[in-house]
Amino acid sequence: MPEQRVITAAQAICEATDIAMAADPSVIVMGEGVADPKAIFGTTANLLDKYGADRVVELPLAENGFTGIAIGAAINGLRPIIVHQRVEFCLLAMEQLVNNAAKMHYVSNGAHRVPLVVRMIVGRGWGQGPAHSQSLEVLFAHVPGLKVVMPASAQDAKGMLLAAITDDSPVVFIEHRWMHYVKGHVPTGNTPISLDGPAKLHSGDDVTVVSNSYLTLETIQAVEALSAAGVQVDHFDLRVIRPLNVTAIVESVRRTGRLVTVDTGFTTYGVGAEIVSRVMEQCCLQMKAAPRRIGLPEHPTPSSRSLAATFYARSPDIAATIAETVGLDAGRVAALREQLTAGRESVPLDIPHPSFQGPF
Amino acid sequence: MPEQRVITAAQAICEATDIAMAADPSVIVMGEGVADPKAIFGTTANLLDKYGADRVVELPLAENGFTGIAIGAAINGLRPIIVHQRVEFCLLAMEQLVNNAAKMHYVSNGAHRVPLVVRMIVGRGWGQGPAHSQSLEVLFAHVPGLKVVMPASAQDAKGMLLAAITDDSPVVFIEHRWMHYVKGHVPTGNTPISLDGPAKLHSGDDVTVVSNSYLTLETIQAVEALSAAGVQVDHFDLRVIRPLNVTAIVESVRRTGRLVTVDTGFTTYGVGAEIVSRVMEQCCLQMKAAPRRIGLPEHPTPSSRSLAATFYARSPDIAATIAETVGLDAGRVAALREQLTAGRESVPLDIPHPSFQGPF
Amino acid sequence: MNTAPQINQPQQAAFSHDLYRAMLRIRLIEEEIAARYSEQEMRCPVHLSIGQEATAVGACAALRRNDQIISSHRSHGHYLAKGGDLKAMLAEIYGRVDGCCGGRGGSMHLFDDAAGIIASIPIVGSFLPLGVGAAMSYSYTKQDRVCIAFLGDGASEEGVFHESANFAALKKLPVIFFLENNQYSCYTGLSDRQPDRPLTDLARSYAMASEQVDGNDVIAVYEATKRAVDRARAGHGPTLIVADTYRWREHCGPNYDNDIGYRSMAEFESWQQRCPVTTFAARLKRDGTLSDAAEKTLTVELTAEIAEAFAFAKASPFPDPSTVTDHVYA
Amino acid sequence: MNTAPQINQPQQAAFSHDLYRAMLRIRLIEEEIAARYSEQEMRCPVHLSIGQEATAVGACAALRRNDQIISSHRSHGHYLAKGGDLKAMLAEIYGRVDGCCGGRGGSMHLFDDAAGIIASIPIVGSFLPLGVGAAMSYSYTKQDRVCIAFLGDGASEEGVFHESANFAALKKLPVIFFLENNQYSCYTGLSDRQPDRPLTDLARSYAMASEQVDGNDVIAVYEATKRAVDRARAGHGPTLIVADTYRWREHCGPNYDNDIGYRSMAEFESWQQRCPVTTFAARLKRDGTLSDAAEKTLTVELTAEIAEAFAFAKASPFPDPSTVTDHVYA
Ligand SMILES: Cc1ncc(C[n+]2csc(CCOP(=O)(O)OP(=O)(O)O)c2C)c(N)n1
Ligand SMILES: Cc1ncc(C[n+]2csc(CCOP(=O)(O)OP(=O)(O)O)c2C)c(N)n1
Ligand SMILES: [Mg+2]
Ligand SMILES: [Mg+2]
């Protein structure tokens, strides 16, 4: 049955775009590479043939300009989806996003809408190094007026993109490069998933863990191992980093008294800092242990795999941090680390899975 | 005696630049307006006459380009000070700052240095509204490789700028527009103040308060009123938001068990979030009250003074929040509010002091 | 100066009279803003376009009501020339609830959807791609509309101008880049910011049509813009119009600033003698199109309209502080 | 094709031989990278310049050792032509401690200060203002140096090109914008990204000197660049050189990609027939400047150098993970 079909998140993103374009002629896709044979890692595959060059608009190299062009078109009623193959390229468009996209509705006292989706890819791998593998979601999440979402599964990739396209506010849709490979059971048809907050992936009373994007997959592994080891995690996939809805997370920490955040960006001034602060403002005196944050250390991404090895947290590190938070003894923490590391030696650390061909 | 002379922070910034240019011929100033009669609110006054157009370089309107030009010149040994009259204009240069300035030293394995100072003005007032009065310091503070400082006094404005100019790393030097008017006893001569962390402004055991930039001045008022009311605040002026040094703050909260942060930007994903998280990671179980954050609410800056009135925290709000944290009863909180509000009615909320002429 | 081809004599007289009226109206409105600014009731930065009325009026005269414009920090003239609501503009500058932005934007964010004024955006150059995007929406939906993006000489230095122009030329979009060259960016002259060549050369990078015009001659501006609009409607793509003109008052604020030393009194006076409003009035009188009496009536009528609009703005209530959180998200 | 004026015949022969050697060397090095890439020991993206050797070699031949260049993602040819250290380049691509960045940058961040290679920066256009800033530093310190900023046809679309060119022209800086027009940005042809006109028109916006040249003719490239360098040294400011050439391999990676449908096999073959290396070899043989024997020796010699450099790179240790936090701040 169709519900059981398995597709990748990349295919899910393409399918969502296709469905939205079929449903609404005002939806267009614009970006560098959206109409080329590689089709943004396959996420816009075949759309050119199906909808033509007026709706799948290949662009000159002008990130700031085309973002503004999309905003202008959106004010006049189109629903552009623009794509940045790397978040680094979108840094050229910060002024347009922060001053125009985010504020147009507010400044016009509600008269103007900017139904814009800004897809961008963050992430890692294959020694891409300092300027091609950052995760800078906070730069967007800090700005009122933007919505910022980070799906972690194929289902969410499709459903949340469908919701983003029909949203009348600008939505920054952040795809981790390695999330593209993730497979899942994705329902067919026009099935939006609302952008209303985190999703509970595992229930437990020992500790609350909030992860996002690709690291949610590493965290799931950690949570399963911990569960087997008798530690029950209340695990949330954050999904929507702006507007931030922490109600369920706060309720959870009230119960567990423990919090660990796991995100794909830099720890300092990162997503985890806001989660921790929101929770502490309400649960500070009920905490059984200090909150912990897992994120990227205080330096740029090195290219060499020997240097990048320690840069990214993986399931063993995540499990160990959670285990320490609930007070497991050193021996059991080490055992968890070992168990989760065991499966992985065969796969190099700079690729998501063995079938990978490279380069990205 | 010279030590007792009083000058404004704007004059102090100009003096620091003058001293640095006299001391080192590789120091140059570049920006839109640095050589015009208004001289960036007077902060580059007379430098053109004294050092000529080769060293005080008026620029075309090209923020991204001139930031990159300054980076290239810096790699080759110059020490450019570039100026953005509003942080909003610097959003056009994010790519250059995040990818090139911040990472050049790291990627070159230490071979290249970017001794660049990026002055930018944040702040508020005179109905400048959504696109001319933001405080976006976190966008820079999130990026390893940049240093980000926010002086709150005339003394720090001079000393920290002198230190920034001789620093071999890129330093984002953020000036609150209203800080320019602040007067202080500023020593003459080449007197750098190191960029090593927060400054303790008031000692107390009841609560730790961390403020930055212009809001440090509002906080000082609040701290004095609280002191008179018997609440002793351990008050830190943050000064350096990257690299972030929280040692003294953590030590303080260990003692007080209470923390309030006050910053000029948006609360969500803001400076306060990182302070709270760093402190909670170490002091969570010693807290006597939940931490509180004071910052900007979740919407853009409205122009109309009736709407902007509630947008910015002022000493009465700051005092009230601190008082609540230490558990003063509602009556005494209200009294503090009243007392601190009393002095202010005469001055409109959208200007820093009565002598203001406007527009900025 | 010959007149726009499709207009016969009587029409032409009425047309010229309308152009004159529109310029005089902008002049009187901005002079009133300047006169009242020191009351400190208009508590936001204002960038007056006094001296530049012919560019706004001549350009917008070539547009239809459903055509659009987009502007920048110095937008009063464009807003009024395109038919923007005067009361909503003044109420906005006064920060009142009846302002076009409900007081949220101030002088630098004027818009009027009914009149086809998309937005005014005070980040230099930032509005250019939005104008191109508007034009893209017409082509996409097959609407016969044109968008004029008004930019200053300084805005032409921003990279986004290049990106916007390249895309507009590539896709042959119905957008006009109307460059008001008032010779200065704030207090810095053009020759300190760009190499010496005609600004129309900026169009050559993109094989774009361009035209140089006297920005103080409203008829010349109208005709040049009309040609560009006709090209745009015919699907021949964008045009760069460079109109030389001059800002009389300080860059930002109500006063004169010829004393601060960035431009000479002689330069200022030479431009003042070429005042777009009075020179056109003189021409109309020579033609017999405008009588002293008619001019007086016009002034009286406009002065009354303006006084009423200011009264309206000052009587308009301030927005309710409790609404400040509205419309963050649509 | 006549030779550079100031070079006499025997010098010319030696000079031509050097140019040929430099092109062949780049070709052999990049072919070796392509051959070994599938070993997955070079674990970073590589953008090969096979087919574009004449632009890098001809341009750098017009520079002195203390002149500088700056490049982008496709920098191997520029780096080698300017005299960058081969072992440091390969060790960098292999992610080893002896790499020019100590393994921190990979193929997209090559630099060599001793050889005047400022940096390679993989954000398209981002390197342009850095090159202009380098030139500004020469003028400021009165050094007789020139900087070449190599950009692709795609990079010319970025706003920062416009901002960089305007400033360089305004200040008459000794910088050369060397545009390698290989007709594509990734898999999108020039005509899908820019209006139809010569790319040299981009210089007209800034009254900048410009020259169009056959990018597969190393002598023509050398001479055009030499003229630009002479202008720069004489204080006449920047030049835009547009050199038409062609990338043979896929945009990123070691393979051919003529099968994926963005360009025709016929187009590819027509360019391959105009191979900058073999056509120049043929010319030198016609001139009698190069013998089959000499060519064989050269190839043998280069092959040995390359084999040794690869061996060095693969033998070089990986950087010590404990150093990963070094050099965040100076
Ligand atoms: C990106 C950006 N940089 C700088 C400024 C500050 N600024 C406001 S108006 C102005 C001058 C613009 O000159 P021009 O485009 O010629 O317009 P004019 O003021 O002459 O009408 C400048 C530099 C800004 N608002 N935005
Ligand atoms: C600002 C930015 N946008 C997009 C990219 C992705 N990208 C990498 S190379 C490239 C093509 C550049 O084309 P061109 O400048 O002609 O150089 P070529 O690859 O042809 O040598 C693109 C789009 C990037 N690296 N930086
Ligand atoms: Mg101007
Ligand atoms: Mg190319």
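So you know, we letter chains A, B, ... as the sequences are listed, proteins then strands, and number each from 1.
A 6.0 Å sphere centred on CD of A:Glu338 holds no more than 12 heavy atoms belonging to other residues, nucleotides or ligands. Within a 6.0 Å sphere centred on CG of D:Asn255, other residues, nucleotides and ligands contribute more than 12 heavy atoms.
Of all residues spanning residues 92-106 of chain D, those with a heavy atom less than 4.5 Å away from chain A's heavy atoms are D:Tyr94, D:Gly95, D:Gly102, D:Gly103, D:Arg104, D:Gly105, D:Gly106, arranged by number. Using non-hydrogen atoms only and a strict 4.5 Å limit, the part of residues 260-267 of chain D facing chain A consists of D:Ile260, D:Tyr262. Of all residues spanning residues 54-64 of chain A, those with a heavy atom less than 4.5 Å away from chain D's heavy atoms are A:Glu58, A:Leu59, A:Pro60, A:Leu61, A:Ala62, A:Glu63, arranged by number. Contacts between residues 195-205 of chain D and chain A, counted as heavy-atom pairs separated by less than 4.5 Å, involve no residue at all.
Here the CD-CZ distance, from D:Glu157 to A:Phe66, works out to 11.5 Å after rounding to the nearest 0.5 Å. Atoms NE2 and NE2, from A:His132 and D:His73 in turn, are 8.5 Å apart once rounded to the nearest 0.5 Å. Between atom SG of residue D:Cys186 and atom CD of residue A:Gln85 there is a gap of 6.5 Å, rounded to the nearest 0.5 Å.
D:Pro45 and A:Gly127 get closest at one heavy-atom pair: CD-O, 4.0 Å. The two residues D:Thr188 and A:Asp36 come nearest to each other via the heavy atoms OG1-CB, 4.2 Å. Contact between D:Met108 and A:Gln128 at its shortest, heavy atoms only, is CE-O, 3.7 Å.
Both the backbone and the side chain of D:Val324 come within contact range of chain A, each with at least one heavy atom under 4.5 Å from a heavy atom of that chain. Residue D:Asp320 touches chain A through its backbone alone, counting heavy-atom pairs closer than 4.5 Å. For chain A, no part of D:His327 is nearby; none of its heavy atoms comes within less than 4.5 Å.
Side-chain contact between D:Arg43 and A:Ile351: present, with at least one pair of heavy atoms (C-beta onward) separated by less than 4.5 Å. Between A:Pro130 and D:His109 there is a side-chain heavy-atom pair separated by less than 4.5 Å.
Per-residue heavy-atom pair counts under 4.5 Å with chain A were compared for D:Ser156, D:Ser185, D:Pro122, and the maximum is reached by D:Pro122. Most heavy-atom pairs under 4.5 Å with chain D, from the set A:Ser306, A:Pro302, A:Pro348: that is A:Ser306. Between chain D and the options A:Pro37, A:Gly129, A:Gly33, A:Ala309, the largest number of non-hydrogen pairs under 4.5 Å is found for A:Pro37.
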Next on the checklist: Before you tell me yes or no, could you show the steps for A:Glu298 and D:Val328 under side chain to side chain contact (heavy atoms under 4.5 Å, CB included), namely the whole-Å CA-CA distance, both residues' side-chain angles and the distance that decides it to 0.1 Å?
Outcome noted: CA-CA 8 Å; A:Glu298 292 282 83; D:Val328 176; 5.8 Å; no

